[in-house]
Amino acid sequence: MTDTTLPTPNSSASVGRAPHSDRYKWIALTNTTIGILMATINGSILLIALPNIFRGIKLSPLAPGNTSYFLWILMGFLLVTSVLVVSLGRVGDMYGRARMYTLGFAVFTVFSILLAVTWMTGPGAALWIIFMRVGQGVGGAFLFANSSAIITDAFPADERGFALGINGVAAIGGSFLGLLLGGLLAPIEWRLVFLVSVPFGLFGTVWAYAKLRDNGLRLKAGIDWIGNITFAVGLIGVLTGIVYGLQPYGGHTMGWTSPFVLACLLGGAVILVAFVIIEMRVSDPMFQLALFRNRSFAMGNVAALLAALGRGGLQFMLIIWLQGIWLPQHGYSFQRTPLWAGIYMIPLTVGFFISGPLAGKLADKYGPRPFATAGILLTGVTFLLFQVLPMDFPYGWFALLLLLVGLAMGLFAAPNTSAVMNSLPANQRGAGAGMLNTFQNAASVLSIGVFFTIIALGLASQLPHALFSGLTAQGVPASAAQGISHLPPIGSLFAAFLGLNPIQQLLGPHVLAQVGPAHAAYLTGRSFFPGLISGPFGHGLHLAFDMAAVACFLGAGFSWLRGGGRAHHQRTLAAQAAESLAAVGAVAAEEAGAGSSDDVVGAQAPARSG
């Protein structure tokens with residue numbers, strides 16, 4: 001295997017190649033921060049803007065054939081970054097990080113423009129958005145794979161933690177701003193949610209091209225083409241199977257028995273096994289599998305994967321709870337629920353922001369194991385506490401649990417990331433950070449599919465009876481109510497996620513005219529559909545929270561198995577807090593579906609001395 005050992009940040013070679021100009025380092029930090037802010041806003045803005053996007057392209061999310069459009073628009077960006085970020089970071093090492101970063105800015109901006117000028121409607125528009133989002137994902141992968149390396153090249157060792165911390169705060173702020181911007185811009189014009197990235201992208205591209213320079217050493221190595229291709233094909237196969245498994249097949253509620261779905265899942269798994277075998281034999285592997293011989297590295301990665309599996313679908317389930325049920329029942333119109341759902345989710349971000357820096361500081365002093373383990377364990381306990389809340393909950397208790405989840409996630413994220421990075425030899429930290437990122441992103445995508453499946457199964461067992469009884473009680477003819485009650489429950493689930501009331505569309509004007517004005521107004525009002533779905537949804541939600549809690553408890557066990565002790569290095573308090581902010585930002589970016597842990601974490605280790 002070709003192994004080019006890079007000089008440490010304090011070595012003369014590094015200093016000679018990368019002089020730390022005061023002016024240049026702030027240019028590099030500002031430009032990369034704009035890139036991270038743009039990408040994280042782009043990821044979370046879509047969660048809130050989807051209702052307006054579907055209305056704008058005149059596509060009904062309730063039609064069974066439209067489920068795949070919804071899911072691919074939602075998850076395509078995260079899938080692409082999961083597959084490409086490790087490889088594109090290696091390309092930056094080989095051909096110049098600033099050059100590849102600038103290319104990423106340009107690619108991201110071009111595809112943002114193409115999204116903003118979407119002129120079609122119907123399925124054609126949905127396919128266009130999906131492919132353009134994939135293009136955005138390629139640009140985002142370039143940005144996230146190289147931004148932290150540019151900062152590392154620009155800043156001296158004793159200031160890198162501060163710089164990476166600023167990027168982490170930008171990621172947290174971007175994930176929150178995206179929710180607010182989506183709620184504000186989408187009702188005005190849905191294309192604005194894509195257009196808002198364009199001015200920042202144009203400015204960032206020109207500024208990066210003019211001002212950024214490659215100060216780091218080039219890595220003389222080859223690209224693992226076979227490994228990259230097999231990994232991409234295998235992961236895409238598995239995730240494609242998950243997407244289409246959520247759709248009805250034949251007479252079944254879900255599509256898990258479909259030959260196509262089974263072929264995707266089993267074929268993807270076989271290819272991923274082949275990928276592991278290939279990586280053990282090639283000279284320049286994409287994944288450094290030998291790193292898993294280190295117990296701290298292996299257990300930290302498994303714990304991170306299980307934590308991402310538990311929390312990945314959480315945001316979606318909470319948004320469904322708020323947009324589709326709680327907010328309409330408390331007087332908010334369906335058109336206003338996306339914005340207010342983002343506002344009511346603020347405690348989650350606040351808790352994450354508070355606990356991350358403190359946890360990082362304590363972990364550096366006392367060792368990461370107790371804090372990382374306590375964090376993921378507390379996350380699982382909080383998932384169980386959510387089940388105590390009624391569907392029509394008092395918001396104060398809901399906000400308190402959101403804050404507790406954020407605190408718990410932050411308590412786990414920074415110490416676990418720090419422990420994984422500290423376990424790596426200096427010349428393998430980039431590869432190790434990329435592997436950690438890939439596990440987390442892939443687990444998040446898998447989690448979304450698993451959560452939707454669990455909720456849909458819960459709906460399938462209870463919703464048909466509740467729907468039939470509720471409709472007939474309001475005077476809907478039994479024949480019409482019977483047909484509606486047997487529609488696939490996944491449509492009702494997506495309607496709740498999008499903040500839509502499907503009753504008017506499902507009944508149609510003829511049936512509504514039959515039941516009379518009073519009953520028609522009630523059926524299409526704010527209370528009937530949320531009240532109808534709340535019971536069946538709550539049943540599925542309990543199952544989802546149970547699954548998430550089990551994943552977190554298993555993760556806590558693996559976290560404890562990493563072993564005790566702490567890294568033998570000393571850093572300033574500012575560097576400790578800043579690095580913790582960077583780790584917090586990494587997970588915030590991953591939650592938004594727009595980034596990766598590698599962009600903020602991958603270059604943490606060089607900031608350490610010793």
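These numbers were taken from a predicted model, which means no experiment stands behind them.
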Measuring only between side-chain heavy atoms, which start at C-beta, is [X] closer than 4.5 Å to [Y]?
X	Y	answer
Leu114	Trp128	yes
Phe105	Val110	no
Ile57	Trp190	yes
Leu318	Leu402	yes
Val193	Leu181	no
Val233	Ile229	yes
Pro123	Leu59	yes

How many angstroms lie between atom [atom1] of [X] and atom [atom2] of [Y], to the nearest 0.5 angstrom?
X	Y	atom1	atom2	result
Asp224	Ile278	CG	CD1	8.0 Å
Met100	Leu143	CE	CG	12.0 Å
Ile236	Phe231	CD1	CZ	9.5 Å
Ile354	Leu411	CD1	CG	13.0 Å
Ile343	Met345	CD1	CE	12.5 Å
Arg97	Thr32	CZ	OG1	13.5 Å

Taking all heavy atoms of [X] and all of [Y], pick out the closest pair and write down the distance.
X	Y	answer
Thr102	Ala208	OG1-CB, 3.5 Å
Ala304	Asn416	CB-ND2, 3.7 Å
Thr205	Ala106	OG1-N, 3.4 Å
Val198	Ser112	CG2-CB, 4.0 Å
Phe451	Gly310	CZ-O, 3.3 Å
Ala125	Thr118	CB-CG2, 4.2 Å

- [ ] Could you point out which residue of Ile73, Val80, Thr81, Leu79 forms a side-chain contact (heavy atoms from CB on, under 4.5 Å) with Phe77?
- [x] Thr81
Show me the donor-acceptor pairs, under 3.5 Å and distance only, between side chains in residues 45-52 and residues at least two apart or in other chains.
none

TODO: Output every pair passing salt bridge (Lys or Arg N to Asp or Glu O under 4.0 Å) with a member in residues 184-199, not counting sequence neighbours, ordered by first then second residue.
DONE: Glu189-Arg191
TODO: Could you list all the salt bridge (Lys or Arg N to Asp or Glu O under 4.0 Å) pairs where at least one residue sits in residues 27-42, not counting sequence neighbours?
DONE: none
TODO: Apply the test side-chain contact (heavy atoms from CB on, under 4.5 Å) to residues Ile41 and Met38: give CA-CA distance (whole Å), side-chain angles for both, the deciding distance (0.1 Å), then the verdict.
DONE: CA-CA 5 Å; Ile41 287 176; Met38 180 181 70; over 6 Å; no
Can you say whether the rings of [X] and [Y] are parallel (under 30°), tilted (30 to 60°) or perpendicular (over 60°)?
X	Y	value
Trp207	Phe203	tilted
Tyr344	Trp340	tilted
Phe70	Phe54	tilted

Using atom types as modelled and distance alone, determine if a side-chain donor or acceptor of [X] lies under 3.5 Å from a backbone N or O of [Y].
X	Y	value
Tyr24	Arg213	yes
Ser447	Ala443	no
Asn31	Ile27	no

- [ ] Mind running side-chain contact (heavy atoms from CB on, under 4.5 Å) on Phe275 and Ile271 for me, showing each step along the way?
- [x] CA-CA 6 Å; Phe275 163 75; Ile271 294 173; 5.6 Å; no
Open item on the list: Against the six-membered ring of Phe111, is Arg133 placed for a cation-pi contact (under 6.0 Å from the centre, within 45° of the normal)?
Closed with: no
- [ ] Would you sort out whether Met317 and Ile320 count as a side-chain contact (heavy atoms from CB on, under 4.5 Å), showing the intermediate values?
- [x] CA-CA 5 Å; Met317 298 304 106; Ile320 291 174; 4.1 Å; yes
Open item on the list: How about CD1 on Ile130, more than 12 heavy atoms from neighbouring residues, nucleotides or ligands closer than 6.0 Å, or not?
Closed with: yes
Task: Verdict with reasoning, Leu348 to Val405, per side-chain contact (heavy atoms from CB on, under 4.5 Å) - done: CA-CA 7 Å; Leu348 181 67; Val405 168; 3.6 Å; yes
